[in-house]
Amino acid sequence: MIPVTWYLALSIILFSIGMYGFLTRRNVIIMFLCIELMLNAANLNFVAFSHYLTDLHGQVMTFFIIAVAAAEAAIGLGIVLALFRNRRTVYSDEINQLRG
Amino acid sequence: MLSKFIFLYCALVIVITGILAVRFRNPVHSVLAVLVLFFHMAGLYLLLNAEFLAAIQIIVYAGAILVLYLFVLFLVNIRQEIKTERFVANHNISKFISFLVFLILIAVTQSFRLGTPGKWTTDAIRQATHTKALGIEIFTSYILPFEIIALILLVAVVGGILLAKQDKQEVVMAQKEGSGSLTRGGKK
């Protein structure tokens, strides 16, 4: 039997990697990809808890998170397309129109 | 023993491909690394007796969401992308912040205790089959969230199409400009 803390540790590592990528990368599309990594870390936590608590609520929550991630990807990539059309760039540090 | 070995293998691949996805210069390589990561995540779900979620993980994440990402990646001029700087100017601060969050979360894990167990033991799930057990939960105690998520998906898809749609005026302007389609990409 695998201890539940192993799953927690893996989830924490994955979340930190996603956060590192989100904060450091310039490309907006890769930043969205890193958000997916963080959502997956949360999913792993939910499923692990669900298994070790012998309860299905965590897995239902994972199901909803996957649906929200799909919605987030559709909206986010639509925003990237609109942004690219207006500014001709996908780099987060070049989008500084509001800086004045 | 075998399950521990499988867990360690999946965990190792997940961590390595996660780091590679963040570090790769070519964004297409990043997306492919994340694809491998999602497959091993599905393997972990199988290890946790969540067969339906493993299938959903592969179908929705690897099959739908990542393909969406690959399509939008056509915006980027790959040859230019490989030459330009990947990270923001002061990324050492970000590195420090994410490492700090990692340490804090690891420290918090020490005080973790499992709560009271529920009624769906592994045997009960196996008897009812996992998909049916999950369906019973979704369509009884989670019916309202289920309807709300359906609405969210509908709104998101309509919104995504509306955001990505090109106005007629813009099409005319783009043709005058001579740049044509969006797929050219790159910074002007």
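Values in this document were obtained by computation on a predicted structure and should not be read as measured data. These values consider heavy atoms only, across backbone and side chains, with no hydrogens, waters or symmetry-generated copies. Numbered from 1 within each chain, the chains take letters A, B, ... in sequence-line order.
In this structure, A:Trp6 and B:Leu8 have side chains that are in contact, with non-hydrogen atoms separated by less than 4.5 Å. Counting heavy atoms from C-beta outward, B:Ile136 and A:Leu56 have side chains that stay 4.5 Å or more apart. Between B:Val22 and A:Cys34, the closest side-chain pair of non-hydrogen atoms falls below 4.5 Å. Here the side chains of A:Met19 and B:Phe102 are not in contact, with every heavy-atom distance at 4.5 Å or above. Residues A:Leu23 and B:Lys95 have side chains not in contact (no heavy-atom distance under 4.5 Å, counting atoms from C-beta outward). With contacts defined as side-chain heavy-atom distances shorter than 4.5 Å, the pair B:Leu163/A:Leu81 does not qualify.
Only the side chain of B:Tyr61 comes within contact range of chain A, judged by heavy atoms closer than 4.5 Å. Contact annotation for B:Phe52: only side-chain heavy atoms (C-beta onward) come within less than 4.5 Å of a heavy atom of chain A. Interface remark: B:Ala64 contributes no atoms to any contact with chain A (heavy atom separation under 4.5 Å). In this structure, chain B has a heavy atom under 4.5 Å from the side chain of A:Leu8, while its backbone stays farther away. For B:Phe146, the parts sitting under 4.5 Å from any heavy atom of chain A are the backbone and the side chain alike. Contact annotation for B:Ile65: only side-chain heavy atoms (C-beta onward) come within less than 4.5 Å of a heavy atom of chain A. B:Leu162 does not touch chain A: none of its heavy atoms, backbone or side chain, sits under 4.5 Å away. Looking at A:Val47, both its backbone and its side chain come within 4.5 Å of chain B, counting heavy atoms on both sides. For B:Ile125, the part lying under 4.5 angstrom from a heavy atom of chain A is the side chain only. In this structure, the portions of A:Phe32 lying under 4.5 Å from any heavy atom of chain B include both its backbone and its side chain. Of the two parts of B:Lys4, the backbone and the side chain both hold a non-hydrogen atom closer than 4.5 Å to a non-hydrogen atom of chain A. Interface remark: B:Val60 contributes side-chain atoms only to the contact with chain A (heavy atom separation under 4.5 Å). Of the atoms belonging to B:Phe112, it is side-chain heavy atoms, and not backbone ones, that fall under 4.5 Å from chain A. When heavy atoms are compared at a cutoff of 4.5 Å, B:Ile149 approaches chain A solely by way of its side chain, counted from C-beta outward. Contact annotation for A:Leu33: both backbone and side-chain heavy atoms come within less than 4.5 Å of a heavy atom of chain B. Residue contact with chain B, scored on non-hydrogen atoms closer than 4.5 Å, involves the side chain of A:Ile30 exclusively.
Note: A:Tyr7 and B:Phe7 have perpendicular aromatic rings, judged against thresholds of 30 and 60 degrees for the angle between ring planes.
Per-residue heavy-atom pair counts under 4.5 Å with chain A were compared for B:Pro145, B:Gly115, B:Ala150, B:Gly159, and the maximum is reached by B:Pro145. Among B:Ile161, B:Val31, B:Leu134, B:Ile152, the residue making the largest number of heavy-atom pairs under 4.5 Å with chain A is B:Leu134. Contacts with chain B were tallied for A:Val4, A:Leu14, A:Leu44, A:Ile79; A:Leu44 has the most, counting heavy-atom pairs under 4.5 Å. Of all the listed residues (B:Ser3, B:Ser141, B:Ala124), the one sharing the greatest number of non-hydrogen pairs under 4.5 Å with chain A is B:Ser3. The residue among A:Thr5, A:Val68, A:Thr62 with the most heavy atom pairs within less than 4.5 Å of chain B is A:Thr62. Residue with the most contacts toward chain B among A:Leu77, A:Asp55, A:Asn27: A:Leu77 (heavy-atom pairs, distance under 4.5 Å). Each of B:Leu105, B:Leu53, B:Val101, B:Thr121 has some count of heavy-atom pairs under 4.5 Å with chain A, and the biggest count is that of B:Leu53.
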Run the numbers on B:Met41 and A:Asn43 for side chain to side chain contact (heavy atoms under 4.5 Å, CB included), then give the verdict.
-> CA-CA 10 Å; B:Met41 196 65 100; A:Asn43 279 349; over 6 Å; no

Tell me, with the steps shown, if A:Phe64 and B:Tyr142 meet side chain to side chain contact (heavy atoms under 4.5 Å, CB included).
-> CA-CA 10 Å; A:Phe64 289 141; B:Tyr142 282 95; 3.8 Å; yes

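Applying the salt bridge (Lys or Arg N to Asp or Glu O under 4.0 Å) test to pairs two or more places apart or on separate chains, those with a residue in residues 23-34 of chain A are A:Arg26-A:Asp93, A:Arg26-A:Glu94.
A:Ile95 and A:Phe84 fall within a single hydrophobic cluster, where Ile, Leu, Val, Met, Phe, Trp and Tyr side chains are chained together by heavy-atom contacts under 4.5 Å. No continuous path of ILVMFWY side-chain contacts below 4.5 Å connects B:Leu153 to B:Phe139, so the two sit in separate hydrophobic clusters. In the hydrophobic clustering of this structure, B:Ile59 does not group with B:Leu46; members are Ile, Leu, Val, Met, Phe, Trp, Tyr whose side-chain heavy atoms approach within less than 4.5 Å, directly or through other members. Note on B:Phe24: it does not cluster hydrophobically with B:Val28, by side-chain heavy-atom contacts below 4.5 Å among ILVMFWY residues. Taken together through direct or relayed side-chain contacts under 4.5 Å among Ile, Leu, Val, Met, Phe, Trp and Tyr, B:Ile16 and B:Phe5 form parts of separate hydrophobic clusters.
A donor-acceptor pair is defined here as one N or O able to donate and one able to accept, closer than 3.5 Å; such a pair exists between the side chain of A:Thr54 and the backbone of B:Gly118.
The shortest heavy-atom contact between A:Ser16 and B:Ser98 is O-CB, 4.0 Å. Of all the heavy atoms in B:Leu44 and A:Leu10, the pair that sits closest is CD1-CD2, 3.4 Å. Across B:Val15 and A:Ile17, no two heavy atoms sit closer than the pair O-CD1, 3.8 Å. Residues B:Lys165 and A:Arg85 share a closest heavy-atom pair of O-NH1, 3.1 Å. Across every non-hydrogen atom of A:Val80 and B:Val72, the tightest pair is CG1-CG1, 4.1 Å. The nearest pair of heavy atoms linking B:Gly160 to A:Ile75 is N-CD1, 4.1 Å.
Atom OG1 of residue A:Thr24 and atom CZ of residue B:Arg23 lie 8.0 Å apart, to the nearest 0.5 angstrom. One finds the CE atom of A:Met61 at 10.5 Å from the CD atom of B:Glu137 (value rounded to the nearest 0.5 Å). To the nearest 0.5 Å, atoms CD1 (A:Ile29) and CG (B:Leu68) are separated by 10.5 Å. Atoms CH2 and NE2, from B:Trp120 and A:His51 in turn, are 15.5 Å apart once rounded to the nearest 0.5 Å.
With hydrogens and angles left out, the side-chain atoms of B:Gln57 and A:Asn40 include a donor and acceptor closer than 3.5 Å. No side-chain donor from either of B:Tyr45 and A:Gln59 sits under 3.5 Å from a side-chain acceptor of the other.
Heavy-atom neighbours of chain A within the stretch residues 84-94 of chain B, taken at a separation under 4.5 angstrom, comprise B:Thr84, B:Glu85, B:Arg86, B:Phe87, B:Val88, B:His91, B:Ser94.
Between A:Tyr20 and B:Phe96, the ring centre distance reaches or exceeds 6.0 Å.
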